[in-house]
Amino acid sequence: MEIARIRSSVTISVVPEAKNGPFVFHDGWENGCRRAKEAGFDGVELFAPSSEAIRSLPVAGVLTDLGLSLAAVGTGGGWVRHQWHLCHPDPTVRARAVDFIKGIIDAGAEHGAPAILGSMQGRWGDGVSREQALDFLGSALVDLGRHAAQCGTVFLYEHLNRYETNLFNLTADAKAFIQKTGAENVRLLCDLFHMNIEEVDIAAAIEEAGDMVGHVHFVDSNRHAAGFGHTDFAPIGAALRKIGFHGFASAEAFPKPDAESAAQKTMESFKAFLTNG
Ligand code: LER
Ligand code: MN
């Protein structure tokens, strides 16, 4: 019997406005996939401006040709392009945010990939109280989790660091909130960059989150590729193996010193810490 293993992935952004963002490949879908394959990855994570943009790409063709999986699709384009988010004071904007995310869930699910709620979760403030914001977020997670289930995927909620959201910054708090809302089919995206800023002990937080962990952003303390910062990946890898994590560890990192080196360093660290040898 083959034991489920952690799979490797690397990010491709096709959002020109995010050219300085933490994505390894920025030179088109096909090029990104080809370079991901050359570096030995199992899959790719796509950051695109909209569901229409995803559908305009030869996603299935390129993935099949290269033998890659689509690990996940980001929804942050709705924030980067339109400043839409789920806790916005204007109900029309909140509704647009939900529709936008559902569109990305649909487009990702066509390739078996879950969508990620990161920056589009928003924040409280601007006349929206913390309580109201949590109410908006909770209802959206129930709705989006259900929508993803209908599409045959899970929905990934990513708790971010304090400089990017004031909603949830700690893994334990995010897990407790999801459970309290009763949102089904929602899993946590553990981004090791955000966790490095917030957690007392990253490995312990992962272990405590257990089977709620659905995806990992595998990246170093400084948001460079894993191995180019000072995170200690040995206990993190041990925790992921201990909880039986078999999703994707995806390199959401800056292409520094260049994309190829970031991809190669990630793969080296992946092999050293996230596989059984
Ligand atoms: C944002 O900082 C982040 O980590 C992304 O994965 C979410 O949009
Ligand atoms: Mn992330």
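Just so you know, ligand 1 is whichever comes first in the structure, and atom 1 is the first atom listed for that ligand. A quick note: this is a predicted structure, and the numbers were derived from the prediction, not measured.
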Only heavy atoms of Glu252, strictly under 4.0 Å: list the atoms of ligand 1 that pass.
3 (C), 4 (O), 5 (C), 6 (O)
Any idea which atoms of ligand 1 are less than 4.0 Å away from a heavy-atom of Asp191?
4 (O)
When you compare the side chains of Ser119 and His85, does any donor N or O come within less than 3.5 Å of an acceptor on the partner?
no
To the nearest 10°, what's the angle at the Mn ion (ligand 2) between atoms OE1 (Glu252) and OD2 (Asp191)?
90°
Examine ligand 1 and decide if any of its atoms is less than 4.0 Å from a heavy atom belonging to Gly76.
no
Parallel, tilted or perpendicular: ring planes of Phe47 versus Phe23, cut at 30 and 60 degrees
parallel
Give a yes or no on whether the backbone of Ser221 and the side-chain of Thr231 come within a donor-acceptor separation of less than 3.5 Å.
yes
Would you mind running through ligand 1 and noting each atom that sits below 4.0 Å from a heavy atom of Glu158?
3 (C), 4 (O), 5 (C), 6 (O), 7 (C)
Between Lys102 and Asp143, does any NZ, NE, NH1 or NH2 come within less than 4.0 Å of an OD or OE carboxylate oxygen?
yes
If the threshold is 4.0 Å, N to carboxylate O, is there a salt bridge linking Asp220 and Lys265?
no
Students should be able to answer this: which protein heavy-atom is nearest to atom 8 (O) of ligand 1, and at what distance?
Ser119 N, 3.4 Å
To make sure I understand the geometry: which N, O or S atom in Glu158 is closest to the Mn ion (ligand 2)?
OE2
Could you tell me which atoms of ligand 1, counted from 1 in the order shown, lie closer than 4.0 angstrom to a heavy atom of Arg223?
1 (C), 2 (O), 3 (C), 4 (O)
A student checking ligand 1 against His217 at a 4.0 Å heavy-atom cut-off should list atoms 6 (O)
Report yes or no: does His194 have a heavy atom closer than 4.0 Å to ligand 1?
yes
Element-labelled atoms of ligand 1 that are located less than 4.0 Å from some non-hydrogen atom of Gly118
7 (C), 8 (O)
From the list Phe193, Phe41, Phe233, ring pair (Phe, Tyr, Trp, His ring centres under 6.0 Å) with Phe218 holds only for Phe233
Would you check, one step at a time, whether the test side-chain hydrogen bond (donor to acceptor under 3.5 Å, both in side chains) holds for Thr11 with Glu252?
CA-CA 6 Å; Thr11 46; Glu252 188 189 62; over 6 Å; no
Measure from the Mn ion (ligand 2) to each N, O or S atom of His217 and report whether any distance is below 2.8 Å.
yes
Determine whether a donor-acceptor pair (N or O, by modelled atom type, separation under 3.5 Å) exists between the side chain of Glu198 and the backbone of His194.
no
Near Glu164, which atoms of ligand 1 are under 4.0 Å from a heavy atom of that residue?
1 (C), 2 (O)
Determine yes or no for a side-chain-to-main-chain donor-acceptor pair under 3.5 angstrom, with Trp124 supplying the side chain and Asn166 the backbone.
yes
